[in-house]
Amino acid sequence: MNLRINDNFLLLPESYLFSEVARRVKDFQDANPEVKVIRMGIGDVTRPLCKAAIEAMYRAVEDESKTETFHGYGPEQGYSFLRDKIADYDYGRRGIDIRPEEIFIGDGAKSDLGNFFDILAQDLTVAVTDPVYPVYVDTNVMGGRGGKRNGEHHDGIIYIPVNKANGYVPQLPEQCPDVIYLCSPNNPTGTAMTRDELRKWVEYARENGCLILFDSAYEAYIHSSDVPHSIYEIEGAKDVAVEFRSFSKTAGFTGIRCGYTVVPFALKGKDSNGNEVSLNRLWNRRQCTKFNGASYISQRAAEAVYSPEGRKQIMETVEYYMGNACMMREALSGAGYEIAGGIDSPYIWLRTPDGMTSWEFFDFLLKTHGIVGTPGSGFGAEGEGYLRLTAFNTHEATREALQRIHNA
Ligand SMILES: *Cc1c(COP(=O)(O)O)cnc(C)c1O
């Protein structure tokens, strides 16, 4: 067959991070069957869904069983019972005016983050932080914006280092991108941007005419009062930012699938004749054409998360994980490790000791303590010399892991 493929896919590096982690863990476990390996690299929630969401799903299934309450195709943008709740609870009650029509319900943040470029010109310059959530880079490479691959980097992408030297705060780049991805609280560094830090970015975007794609998947984990929950807490952000949210980490929906994207009416792009076009209008058109809505059952579950019981239950789970994060911060800094994160996110970003590489430290933790982390170098060149630990394990396993480090 002479069928041509999208060559851009061949520019993607093999994603071997998690398979290599799994291989090394298996080799170790085979050689040391008596060691109970503790997994601190888990990038998924582990606690069950809250009762309010489960009960809402049972009711939604019941609805689907009767002609009178059956729901077939729903609105592509999401049901208004959910969009109204989001506009009220996540925005209105925080003093932010977001209309339900500016909110698009989807099947999670990853798809929307990956699809958003459908409505933008295909040759824009893109900036990401380094280390980075790989979805931002890989989807741009697939879309032909990566340029040539050059070691760890792609020539066409602007990388903004986030490391100890800058206190894990992304600094404004000299070269101005058309689009910049920001993730706060951040995966993988676990750190979060304060209101003042984010304000600089909003002002920069307004001055330079660039679009911020703001990923706040970990919003529910924020504990610091100077860390904004939404980019729209910053004045003027509605003119320059799209916000991506998800029920995945907030409410344990990684397997249920539901998230949403906010595209404010104020957000305008330009067509090739220089005329202003509403991004909300284009995203709506895109969704109506390529997406048929998140399932009725998922959306009923998401709605239940906003009930008084639902809110209480999901916050109990968030606090369960954050209890682990707190223990980890204390024990690891007590053991002399340099750490970041774990205050506004379930991730701890650990500096490797004695100049070890990320993989050397990974092997050390595995072989000496039977603990599995994720090598920071897997998230970008600037992640070299770091390791990511997550707070998604049980209290018991987390405590035991920390005890092993303490007793060493
Ligand atoms: C987990 C995660 C998401 C959410 O992905 P879903 O598709 O909604 O499950 C988004 N961004 C980051 C950085 C994440 O870690």
Side-chain angles (χ1 to χ4, degrees), residues 1-23 43-44 76 104 106-160 175 177-183 187-188 210-213 215 217 242 244 246 248 254-255 257 259 261 263 269-272 277 279 281-295 359 374-375 377-384:
M1 195 155 64
N2 261 331
L3 182 68
R4 296 198 36 230
I5 54 119
N6 178 350
D7 278 353
N8 295 319
F9 277 69
L10 306 180
L11 296 168
L12 293 166
E14 281 308 315
S15 110
Y16 81 115
L17 178 65
F18 291 101
S19 52
E20 180 62 17
V21 166
R23 191 188 65 78
D44 192 357
E76 291 90 345
F104 294 84
D107 60 2
K110 188 178 182 176
S111 349
D112 284 3
L113 280 159
N115 291 329
F116 204 76
F117 255 91
D118 270 12
I119 67 165
L120 304 177
Q122 294 306 297
D123 56 353
L124 303 182
T125 54
V126 168
V128 298
T129 59
D130 178 5
V132 66
Y133 180 55
V135 175
Y136 312 152
V137 174
D138 291 359
T139 54
N140 276 290
V141 172
M142 291 172 183
R145 285 173 296 282
K148 275 210 212 60
R149 186 136 128 246
N150 190 352
E152 299 280 306
H153 284 169
H154 297 269
D155 280 345
I157 290 177
I158 300 170
Y159 292 85
I160 300 166
Q175 190 193 342
D178 296 306
V179 178
I180 159 88
Y181 291 81
L182 291 177
C183 177
N187 177 11
C210 64
L211 173 69
I212 299 175
L213 299 181
D215 182 348
V242 173
F244 299 86
S246 171
S248 284
T254 50
R257 311 305 304 147
T261 295
V263 189
K270 289 236 167 76
D271 70 12
S272 48
V277 181
L279 294 193
R281 195 187 106 201
L282 296 188
W283 184 246
N284 188 45
R285 191 70 175 85
R286 190 267 172 211
Q287 290 299 80
C288 290
T289 302
K290 292 201 187 180
F291 185 60
N292 249 336
S295 89
W359 279 109
T374 309
S377 54
F379 299 99
E382 290 288 330
E384 182 55 273

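Positions are given from 1 along the sequence.
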Determine the interplanar angle of the Y159 and H153 rings, folded into 0 to 90°, and report it as parallel if under 30°, tilted if 30 to 60°, perpendicular if over 60°. parallel
Any side-chain heavy atom of V263 within less than 4.5 Å of one from L282? no
Would you say that V179 contacts F117 through its side chain, given a criterion of any heavy-atom pair below 4.5 Å between the two side chains? yes
Looking only at heavy atoms, which two atoms of [X] and [Y] are closest? And how far apart?
X: L17; Y: G378; result: CD1-CA, 3.8 Å
X: C210; Y: P177; result: CB-O, 3.1 Å
X: P13; Y: H154; result: CD-NE2, 4.1 Å
X: R286; Y: D118; result: NE-OD2, 2.9 Å
X: E152; Y: S377; result: OE1-O, 4.1 Å

Go through the structure and list residues passing side-chain contact (heavy atoms from CB on, under 4.5 Å) with R257, not counting sequence neighbours. D107, S248
List the atom pairs, with distances to 0.1 Å, where a side-chain N or O of residues 137-148 and a protein N or O form a donor-acceptor pair under 3.5 Å, not counting sequence neighbours.
from: T139; atom 1: OG1; to: V135; atom 2: O; distance (Å): 2.8
from: T139; atom 1: OG1; to: Y136; atom 2: O; distance (Å): 3.4
from: N140; atom 1: OD1; to: R145; atom 2: NE; distance (Å): 2.6
from: N140; atom 1: OD1; to: R145; atom 2: NH2; distance (Å): 3.1
from: N140; atom 1: ND2; to: Y136; atom 2: O; distance (Å): 2.8
from: N140; atom 1: ND2; to: Y181; atom 2: OH; distance (Å): 3.0
from: R145; atom 1: NH1; to: Q122; atom 2: O; distance (Å): 3.4
from: R145; atom 1: NH1; to: Q122; atom 2: OE1; distance (Å): 3.1

Taking salt bridge (charged side-chain N to carboxylate O under 4.0 Å, His left out) as the definition, give me every residue that meets it alongside D44, ordered by chain and number, with sequence neighbours left out. none
Calculate, to the nearest 0.5 Å, the distance between atoms [atom1] and [atom2] belonging to [X] and [Y] respectively.
X: L113; Y: L213; atom1: CG; atom2: CG; value: 7.0 Å
X: I212; Y: I180; atom1: CD1; atom2: CD1; value: 7.5 Å
X: S246; Y: K110; atom1: OG; atom2: NZ; value: 11.5 Å
X: L279; Y: L120; atom1: CG; atom2: CG; value: 6.5 Å
X: F244; Y: S111; atom1: CZ; atom2: OG; value: 10.5 Å
X: R285; Y: I119; atom1: CZ; atom2: CD1; value: 13.0 Å

Do N150 side-chain atoms and D155 backbone N/O form a donor-acceptor pair below 3.5 Å? no
